[in-house]
2 protein chains.
Amino acid sequence: MAKRETTKDKILNAAEALFAEHGFEQTSLRQITAEADVNLASVNYHFGSKKALIQAVMARYLEVLMPALNAEFDQLEPQAQFTTRDVFDCFREPLNALKKVRKGGPTIFLSLLGFAYADIQGHLRRYTMEHFGEVMHRLLALLHVANPNLSPADMFWRLHFVLGASVFAQVSGPALREIAAADFGESIAADQVVDRLIPFLAGGVDAPTA
Amino acid sequence: MAKRETTKDKILNAAEALFAEHGFEQTSLRQITAEADVNLASVNYHFGSKKALIQAVMARYLEVLMPALNAEFDQLEPQAQFTTRDVFDCFREPLNALKKVRKGGPTIFLSLLGFAYADIQGHLRRYTMEHFGEVMHRLLALLHVANPNLSPADMFWRLHFVLGASVFAQVSGPALREIAAADFGESIAADQVVDRLIPFLAGGVDAPTA
DNA sequence: TTTAAATTAAAACGCATGTTTAAAATATGC
DNA sequence: GCATATTTTAAACATGCGTTTTAATTTAAA
C-alpha cells in the first residue's frame, strides 16, 4: 500500500503547476504552500531555498529528458546523411516521454523551460545552460551536418530563433489557445503544438540566407 | 536654445534603458529615479503609477511604428500576388524608422515588446494586444493571401511561432551576442539580427505542413 | 515505554517594493 | 514683487516577499 503523498512531493507538485502557469518569480512560496496545503516554512526545511525548489522541479524533468535526447542524438550522429527535419524529430520521443512524469508533462516542461529562459539574468539561466549546454552543442553540430551550406554564425542565430519559437509557444500557450479556440472554433491539444512546431522550425533553418 | 531636459523626459529615458535591459518587473522605481537623478516621488507625480510609466515608454515607439507599419500594409494589400517574404519585409522600414526615436531604437523597442509579451498575465499583455490586435489581424490576412494553401489554424500557430522567435531574439539578445562573439569571433550588430530573422521566419511560414 | 530525531507549526524578522503625504522650493502670471 | 500654482524633496506608509527562529508535535529507534 502506497504511503500517503509526502510533504516534499506535495510542495513539488504544487510548485510545478504554479511555476508552469505564472513563472518562477511571479509565484510566491505562500501561494505554493497554500496550494499544497503545507506550512510555509516547510519549503525552506525540505529544500533550503526557493532557488533550490525551482531546480528540484526542473530536475524531475531533466532527468528523464536528457538521457532520452542524448540517445536519439547518438543514433543519428553516426549516419552519413540526414535532414534538418531528422534532427528536430529527435525531440519528439524524448518530449513525449515526459508524459511519464506527469499528464501534460511535455507542455509543462516546455513552459518551465520558457520561463527559465526568459529569466534573463537570474540563476535559472545559468542552471539551464549547465544542463543544456552540451545538448546545444550537439544540436548545433548535427544541424551543421544537415545543412553544411549555412555558416556557423547563421546557424547559431537560427538555433536561437528555434529556441525562441519553441519556448514562447508554450509560455503564452494557454492564453493563445483561448484565442485560437475563439477565432477558429477548434480546441487545440497541447501536444499538437509540437507537431505544428517541428515543420516550422525545419523550414526556418533550411531557408536560404539573406 | 533647447530647454534643459525635463524631469519627465529624464524619467522616460532612464526607464526605457533599464526596462529594455532588465524587463519591467525587474526594474524598480528606485533604480529608475537614481539613474535619472530625480526624486523617487516624481514618477508618481508625473505619471501616476509605474504601470502608466511603462505605457508611456511604449507609447513613444508605438506612435512611430504603427502608422508606418499600416502604411506598408496599405501598399501591399491591394496587390494581387505577393510572397510571405514580401509581407515580412513590410516590417523592415517601420522598424528602421524607430532610429528616429533613439539610437538603437529598433532593438530597444523589440526588447520592450519581448518583455511585455513575456509578462503573461499582467496589464502589459492587454495593453500590447490593444495596440497590436489590428496589426495581427492584418498580418494574418496578408500571410493567408501569400500562402493560401495553409489552413487558418496552421497560419495562426505559425504566426505565433514567428512572434516567439522575433521577441526572444531581442530579449536574450545581449547575452547571446556575447556568446556569439566569443564562439565565432565576430561582433554582430543588432540590426543584423532582423536581417537574419526575416529569412528564417519566411522559411518557417512557407514550410510544408506535417 | 522512553528517548532521540525528524518534521510541522506559528510567529516574527529583515528587506525591498510601489505609493502617499506634507513641507520646502521653484516657477508662473498679474 | 507679490500671490499663486507647480514642482521637487524627504520621510514615512502599507504590503508582500524569502527566510529564520523557536517551540510543539509527530515519528522512529532502543
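Every chain is numbered from 1, with letters handed out A, B, ... down the list of sequences.
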For A:F161, the ring-ring contact (aromatic ring centres under 6.0 Å, His included) test, sequence neighbours excluded, returns B:F200

Tell me the interatomic distance from [X], atom [atom1], to [N], atom [atom2], rounded to whole angstroms.
X	N	atom1	atom2	answer
A:I32	D:dG16	CD1	P	17 Å
A:N44	C:dT7	CG	C1'	14 Å
B:F47	C:dT20	CZ	C1'	18 Å
A:K51	D:dC17	NZ	C1'	16 Å

Pairs meeting criterion ring pair (Phe, Tyr, Trp, His ring centres under 6.0 Å) with involvement of residues 23-44 of chain B, two or more places apart:
B:F19-B:F24

Which residue pairs satisfy the ring pair (Phe, Tyr, Trp, His ring centres under 6.0 Å) criterion with at least one member in residues 34-68 of chain B, sequence neighbours excluded?
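Qualifying pairs, neighbours excluded: B:Y61-B:F109.
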
Qualifying salt bridge (charged side-chain N to carboxylate O under 4.0 Å, His left out) pairs, either residue in residues 26-53 of chain B, two or more places apart:
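Qualifying pairs: none.
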
Qualifying salt bridge (charged side-chain N to carboxylate O under 4.0 Å, His left out) pairs with a residue from residues 154-167 of chain A, counting only residues at least two apart or across chains:
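Applying salt bridge (charged side-chain N to carboxylate O under 4.0 Å, His left out) to every pair that reaches into residues 154-167 of chain A, excluding sequence neighbours, yields A:D154-B:R196.
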
For A:A41, what residues pass the side chain to side chain contact (heavy atoms under 4.5 Å, CB included) criterion, not counting sequence neighbours?
A:N39

Polar atoms only, N or O, under 3.5 Å: list the protein pairs with nucleotides 13-17 of chain C and their distances.
| residue | atom | partner | partner atom | Å |
| --- | --- | --- | --- | --- |
| C:dT17 | OP1 | B:S28 | OG | 3.4 |

Distances under 3.5 Å between protein N/O atoms and the N/O atoms of nucleotides 6-10 of chain D, please, pair by pair.
| residue | atom | partner | partner atom | Å |
| --- | --- | --- | --- | --- |
| D:dT7 | OP2 | B:Y45 | OH | 3.0 |
| D:dT8 | OP1 | B:T7 | OG1 | 2.4 |
| D:dT8 | OP2 | B:H46 | NE2 | 2.7 |

Counterpart residues, salt bridge (charged side-chain N to carboxylate O under 4.0 Å, His left out), relative to B:D74 (two or more places apart):
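If we apply the salt bridge (charged side-chain N to carboxylate O under 4.0 Å, His left out) test to B:D74, skipping adjacent residues, the hits are B:R138.
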
Any chance you could measure B:L197, atom CG, to A:H160, atom NE2, to the nearest 0.5 Å?
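Rounded to the nearest 0.5 Å, the CG-NE2 separation comes out at 9.5 Å.
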
